[in-house]
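Read through the structure below, which is laid out as structure tokens, and then see the notes.
What's counted below: heavy atoms across the whole structure, side chains too, no hydrogens, waters or symmetry copies.
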Amino acid sequence: MANILVVDDEMGIRELLSEILGDEGHAITLAENAQQARDARAAGAPDLVLLDIWMPDTDGVTLLKEWQRDGLLTMPVIMMSGHATIDTAVEATRIGALNFLEKPIALQKLLKAVQQGLTRAQEVVRAPVIAPRPMLAPQPEESPMTASAMFSAQTPQSAIAPRMGGMPNGEGHGFNLSFDLPLREARDAFERMYFEHHLGREGGSMTRVAEKTGLERTHLYRKLKQLGVEPGKLAKKNG
């Protein structure tokens, strides 16, 4: 488990990163502006910092310069932004940032960057005056389809019909899905049972369910919330 400081002025981003990284077993400290980040750093060096560039009081690059100037840049820092230019990313890495992630951040890129940062922290004690080689992550990715779109576009009735009597080998629960329902209600009912099955089988692990279903975890969280599925309760029920 690592102590990770997340600095971002957008509450939704902070909460999402906290949920994802917390699910990976890390302890998360949240800061909504540079002053809160300064206070958190003064209380002790975290193992890793995720730092937004554009913030209302002091931007992330300026804060990074402060830490470098004051000898406080002793931990890996990963910069985040949805609007930064390549020049900004290069400047941040020149100052001492380890990596740069472009928003919206893909789940696998986030987890890979965090793992690289924590590995770097364990291997070396960073000298504030030595900047690592710039690592830019900037190729836009196609937005993954939502589960609803995937179902309606790719799942024919023949894929559902054989399962109406229950899951293979007795796993999960049987489907009591009526074809007399309106399409939206039938689709939601199927998706709810589909995700409940996978969550139960994977012990509530969002990471494994995301891999099994082929969804980015950010989209998976939104879909479960929309369907009213609570992973925590299912994990306890099947534990």
Side-chain angles (χ1 to χ4, degrees), residues 1-107 109-122 124-138 217-218 221-222:
M1 181 183 76
N3 295 311
I4 299 177
L5 172 61
V6 175
V7 187
D8 198 300
D9 62 311
E10 296 184 54
M11 182 175 65
I13 298 293
R14 293 196 307 274
E15 291 180 347
L16 183 60
L17 291 177
S18 176
E19 195 166 5
I20 290 173
L21 297 175
D23 192 46
E24 294 296 313
H26 302 303
I28 311 301
T29 300
L30 301 178
E32 64 180 86
N33 53 48
Q35 186 54 52
Q36 289 186 6
R38 292 186 189 102
D39 294 341
R41 177 62 185 85
D47 297 310
L48 180 74
V49 178
L50 292 170
L51 177 59
D52 187 30
I53 290 182
W54 300 112
M55 294 187 294
D57 57 341
T58 302
D59 66 83
V61 174
T62 299
L63 180 59
L64 192 69
K65 288 179 180 177
E66 287 182 19
W67 283 343
Q68 193 266 358
R69 179 196 66 205
D70 298 336
L72 297 174
L73 194 55
T74 58
M75 63 287 177
V77 176
I78 298 173
M79 308 300 290
M80 308 179 293
S81 178
H83 309 286
T85 63
I86 292 179
D87 289 342
T88 304
V90 170
E91 180 185 8
T93 52
R94 180 184 60 79
I95 295 167
L98 177 66
N99 208 336
F100 173 84
L101 294 175
E102 186 177 18
K103 296 179 182 177
I105 304 171
L107 173 65
K109 284 189 176 182
L110 170 66
L111 296 180
K112 182 177 180 181
V114 166
Q115 185 56 50
Q116 288 175 340
L118 294 175
T119 300
R120 176 68 175 264
Q122 293 171 357
V124 298
V125 176
R126 296 181 43 143
V129 295
I130 301 176
R133 179 179 299 178
M135 297 172 62
L136 305 181
R217 191 157 58 174
T218 52
Y221 276 112
R222 295 190 189 104

Requested in this report: Can you measure from CG (Asp8) to CG (Asn33) and round to the nearest 0.5 angstrom?
Outcome: 11.0 Å
Requested in this report: For residues Met80 and Lys103, determine if any side-chain heavy atom of one lies less than 4.5 Å from a side-chain heavy atom of the other.
Outcome: yes
Query - Asp39: partners by side chain to side chain donor-acceptor pair (under 3.5 Å), with sequence neighbours left out - result: Gln35
Requested in this report: Compute whether any side-chain donor of one residue and acceptor of the other, for Thr29 and Arg41, lie under 3.5 angstrom apart.
Outcome: no
Report task. Any chance you could measure Met55, atom CE, to Glu10, atom CD, to the nearest 0.5 Å? Result -> 11.5 Å
Query raised in the report: Any side-chain heavy-atom pair from Ile95 and Trp67 closer than 4.5 angstrom?
Result: no
**Report entry** Non-hydrogen side-chain atoms of Leu110 and Leu17 separated by less than 4.5 Å
**Finding:** yes
Query raised in the report: What is the distance from atom CZ of Arg94 to atom CD of Gln68, rounded to the nearest 0.5 Å?
Result: 8.5 Å
Query - Contact summary for Val77 and Leu73, nearest pair of heavy atoms - result: CG2-CD1, 3.6 Å
Report summary line: What one should report as the nearest heavy-atom pair of Thr74 and Ala45 is OG1-CB, 3.9 Å
Query raised in the report: Just how far is it from atom CG of Asp23 to atom CD1 of Ile20, taken to the nearest 0.5 Å?
Result: 8.5 Å
Requested in this report: Using a strict 4.0 Å threshold on nitrogen-to-oxygen distance, state whether Asp70 and Arg38 make a salt bridge.
Outcome: no
Requested in this report: Let me know which of Asn3, Ile78, Leu21, Val6 forms a side-chain contact (heavy atoms from CB on, under 4.5 Å) with Leu48.
Outcome: Ile78
**Report entry** Nearest heavy atoms of Ile53 and Phe100, plus distance in Å
**Finding:** CD1-CE1, 3.6 Å
Report task. Indicate the atoms forming the closest heavy-atom contact of Gly117 with Pro76, along with that distance. Result -> O-CG, 3.3 Å
Query raised in the report: Taking the side chain as C-beta and beyond, is there a heavy-atom pair between Met75 and Leu5 under 4.5 Å?
Result: no
Query raised in the report: Can you find a pair of side-chain heavy atoms, one from Gln115 and one from Lys112, that are under 4.5 Å apart?
Result: no
Query - Residue pair Thr88 / Met79, side-chain heavy-atom distance below 4.5 Å - result: no
Requested in this report: Return the minimal non-hydrogen interatomic distance between Gln36 and Leu30, and the atom names on each side.
Outcome: OE1-O, 4.2 Å
Report task. Work out which heavy atom in Asp57 is nearest to a heavy atom in Ala34; give both atom names and the distance. Result -> OD2-N, 3.2 Å
Query - Atom pair CD1 (Ile13) and CG (Asp52), whose distance is rounded to the nearest 0.5 Å - result: 8.0 Å
Requested in this report: Can you measure from CG (Asn99) to NZ (Lys109) and round to the nearest 0.5 angstrom?
Outcome: 10.0 Å
